[in-house]
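Heads up: the structure comes next, in structure tokens.
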Number of protein chains: 2
Amino acid sequence: MKNYSRQREAILEVLRSTDTHPTASWIYERVREKIPNISLGTVYRNLTVLSENGDILTINVGDGQERYDGNTAAHLHLRCTGCGEIYDAFLKSDPFRDLISEEGFIPEAAVYVVRGICKNCK
Amino acid sequence: MKNYSRQREAILEVLRSTDTHPTASWIYERVREKIPNISLGTVYRNLTVLSENGDILTINVGDGQERYDGNTAAHLHLRCTGCGEIYDAFLKSDPFRDLISEEGFIPEAAVYVVRGICKNCK
DNA sequence: AATAAAATTAGTAATCATTACTGATTTGAG
DNA sequence: CTCAAATCAGTAATGATTACTAATTTTATT
């Protein structure tokens, strides 16, 4: 296991302590409670590194900014176009695994996003 | 069927005549061959409208710009981190349909992106 | 056909999330 | 301890996308 910097560990901890899908700015504000002078650029850089390392997921739901997810297990993101909420829907197994391997493709990270209307908004 | 403007029809036609996943700029250049003075803003606006209407898909594979897909059938997008190519993998049926309906969610569009290494790059 | 209202456009300016850059600081290996 | 590599805070720059405006086109109504 690699040794991450204090800043990187703090970012990862914030992300793992929520089940929402926060933006870089939201994470930045939270980490500042622990490391007040951390730079926003540091947050962005580490989110990129963490995502490339497979520690987190980078999710784009089409609302103008990237979101990040501390849960890297394959799951659906259901974004309601009414309220903007993002719901998780977990899978017992990744139904695409066989299809992906048929293509000779070695997967690193999977992001599934479904746009629609949630039960509260219909 | 709705009557779309000449510009909107041309954008849709360009998008349906390729099996790649072009960016707005690429589409803009292609449409300019037919409508030389079309504005880039018009391309963006109509891509948004077409996506909201369900005529096309907006896909973010994490390379810094949105991409668009004229094929709205549920399918995987396999993006190789080696060469950047985006491969399609088609499904016989959407394996998430039951799960989505269990959540009481009414889906409008589904975008599935898998990052990894393609067989040519490994 | 004439008229008014609504939708769409071309062109340009503005936005803002993200990235790039800088010199300083920290970390780890030998 | 020493050097090189990694990372940092702070700030400036980037560039894809959106917003704006006045003009044009389309649609509906009489």
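Sequence lines set the chain letters: A, B, ... in the order given, protein chains first and strands last, and positions in each chain run from 1.
Distances shown here put a side-chain N or O of R8(B) below 4.0 Å from the OP1 or OP2 atom of dT8(C). Side-chain N/O atoms of T42(A) include one lying less than 4.0 angstrom from OP1 or OP2 on dA9(D). Regarding contacts with the backbone of dT9(C), every side-chain N or O of N37(B) stays at 4.0 angstrom or more from both OP1 and OP2. Phosphate contact (OP1/OP2 of dT25(D), side-chain N/O of Q7(B), threshold under 4.0 Å): absent. Side-chain nitrogen and oxygen atoms of S5(A) include at least one within less than 4.0 Å of the OP1 or OP2 phosphate oxygen of dC8(D).
The nearest whole Å value for the distance from the CD atom in E9(A) to the P atom in dT26(C) is 18 Å. Atom CD1 in I11(B) sits about 7 Å away from atom P in dT9(C), given to the nearest Å. When the C1' atom of dA16(D) is taken as reference, atom CG of N60(B) falls 12 Å away, rounded to whole Å. In this entry the distance linking CG of N46(B) with C1' of dA10(C) reads 13 Å, nearest Å. For the pair N53(B) CG and dA7(C) P, the computed distance is 14 Å after rounding to whole Å. A straight line from OH of Y28(B) to C1' of dA10(C) spans 10 Å, rounded to a whole angstrom. One atom, CD of Q65(A), and another, P of dT15(C), lie 17 Å apart when rounded to the nearest Å. Distance L40(A) CG to dA9(D) P: 11 Å, rounded to the nearest Å.
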Take T20(A) and T18(A) through the side-chain hydrogen bond (donor to acceptor under 3.5 Å, both in side chains) test and state the conclusion after the steps.
CA-CA 5 Å; T20(A) 65; T18(A) 180; 2.8 Å; yes

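Ring orientation note: the planes of F90(B) and H75(B) are close to parallel, at an angle under 30° on the 30°/60° scale.
Distances from the side chain of Y44(B) to the nucleotides dT17(D), dA10(C), dA9(D) place dT17(D) closest. Nearest to the side chain of E66(A), among dT18(C), dC8(D), dG11(C), sits dT18(C).
If you find the closest nucleotide of DNA chain C to V43(B) and to T23(A), the one lying nearer the 5' end belongs to V43(B). DNA chain D is contacted by both Y68(B) and R45(B); Y68(B) maps to the nucleotide lying nearer its 5′ end (nearest heavy atom per residue).
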Enumerate donor-acceptor pairs with a distance under 3.5 Å from any side-chain N or O in residues 37-45 of chain A to protein atoms, sequence neighbours excluded.
residue : atom : partner : partner atom : Å
S39(A)  : OG   : G41(A)  : N            : 3.2
T42(A)  : OG1  : R45(A)  : NH2          : 3.2

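Note that the CD atom of E85(B) and the SG atom of C121(B) stand 9.0 Å from one another [nearest 0.5 Å].
A donor-acceptor pair under 3.5 Å is absent between the side-chain atoms of N53(B) and the main chain of D55(B), judged by distance alone.
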